[in-house]
Amino acid sequence: MEKYFECKVKYVKMQEDGKEKKVSEQYVVSACSFGEAEKRITESLSAYIQGEFDVTDIKIASFSEIIDGTGDGDKFFKAKVTFIALDSSSGKEKKTSVLYLIQSESLEAAESDLKKYLSDPSITISSITETAILDVFTCA
């Protein structure tokens, strides 16, 4: 079963002023295992990063779905959404929270994109925060 993994990568990056600086960047890949996630992030970034880089951390991502928002957004936002459903056995309301990753240009646009995507009046957006994620590599 395919899932999302957050990967941290460290390498020496050339700055605009010509100086080199060691940076740590965060990416997301879709994969079936930690080994496949490391292989996919290495293959994906080797086209963009000159020289050596290290994958320093891989963890299973906490969000369940990635939403590609409208526009040319280059930021990623993590949104916590609460759904309210009626428990058929007890008849009580039951709240369930789900995390989404949204690519958008601003916090306001991310909220709008999420509302359009879900189009469900019974949801409550508990929080939306900007992440340090730079890009997402999913299976084609």
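Residue Met14 shares its hydrophobic cluster (ILVMFWY side chains chained together at separations under 4.5 Å) with no other residue.
Under the rule for a ring-ring contact (aromatic ring centres under 6.0 Å, His included), the partners of Phe5 that lie at least two apart in sequence or sit in another chain are Phe34. Partners of Ser89 by side-chain contact (heavy atoms from CB on, under 4.5 Å), not counting sequence neighbours, listed by chain and number: Asp87. Residues meeting the side-chain contact (heavy atoms from CB on, under 4.5 Å) test with Lys95, sequence neighbours left out: Thr82, Ile84. Every residue two or more places apart in sequence or in another chain that forms a side-chain contact (heavy atoms from CB on, under 4.5 Å) with Lys78 is listed here: Glu6, Ser62, Phe63, Leu99, Thr129, Thr131. With sequence neighbours excluded, the residues that form a side-chain contact (heavy atoms from CB on, under 4.5 Å) with Thr56 are Lys8, Lys10, Asp54. Residues meeting the salt bridge (charged side-chain N to carboxylate O under 4.0 Å, His left out) test with Lys115, sequence neighbours left out: Glu111. By the salt bridge (charged side-chain N to carboxylate O under 4.0 Å, His left out) test, Lys13 is found to be paired with Glu25, residues two or more places apart in sequence or in another chain being considered.
Thr138 OG1 to Tyr4 OH: the interatomic distance, rounded to the nearest 0.5 Å, is 6.5 Å. Separating the CZ atom in Phe77 from the CD atom in Glu108 is a distance of 8.0 Å, to the nearest 0.5 Å. Taking CD from Gln26 and CG from Asp135, the interatomic distance works out to 12.5 Å, rounded to the nearest 0.5 Å. Interatomic distance, NZ of Lys75 versus CD of Glu130, reported as 5.0 Å (0.5 Å rounding). From Ile67, atom CD1 reaches atom CG of Leu118 across 5.5 Å, with rounding to the nearest 0.5 Å. Within the model, atoms OH of Tyr48 and OH of Tyr27 stand 9.5 Å from one another, a figure rounded to the nearest 0.5 Å.
Under a hydrophobic-cluster definition in which Ile, Leu, Val, Met, Phe, Trp and Tyr are linked whenever side-chain heavy atoms come within less than 4.5 Å, directly or via other members, Leu114 and Phe83 are assigned to the same cluster. No continuous path of ILVMFWY side-chain contacts below 4.5 Å connects Tyr100 to Ile60, so the two sit in separate hydrophobic clusters. Linking Ile, Leu, Val, Met, Phe, Trp and Tyr residues whenever their side-chain heavy atoms come within less than 4.5 Å places Val23 and Ile49 in a single cluster. Hydrophobic clustering places Phe137 together with Val55 (ILVMFWY residues linked when any side-chain heavy atoms are closer than 4.5 Å, directly or through intermediates). In the hydrophobic clustering of ILVMFWY residues, with side-chain heavy atoms under 4.5 Å counting as a link, Ile128 and Val81 come out together.
Here the closest heavy-atom approach between residue Val136 and residue Phe76 is recorded as CG2-CE2, 3.4 Å. In plain terms, the two heavy atoms of Gly73 and Gln103 that are nearest each other are O-NE2, 2.9 Å. Ala110 and Ser104 make their closest contact through N-OG, 3.3 Å (heavy atoms, listed as atom of the first residue, atom of the second, distance).
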*Please step through side chain to side chain contact (heavy atoms under 4.5 Å, CB included) for the pair Cys7 and Asp57, ending with a clear verdict.*
CA-CA 6 Å; Cys7 304; Asp57 187 33; over 6 Å; no
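The environment of Glu52 atom CD is sparse: at most 12 non-hydrogen atoms of other residues, nucleotides or ligands sit within 6.0 angstrom.
Looking only at distances, no side-chain donor or acceptor of Gln15 sits under 3.5 Å from a matching main-chain atom of Glu20. Here the side chain of Arg40 pairs a donor or acceptor atom with the backbone of Ser30 at under 3.5 angstrom.
Using a 4.5 Å heavy-atom cutoff, the side chains of Ile125 and Lys80 are not in contact.
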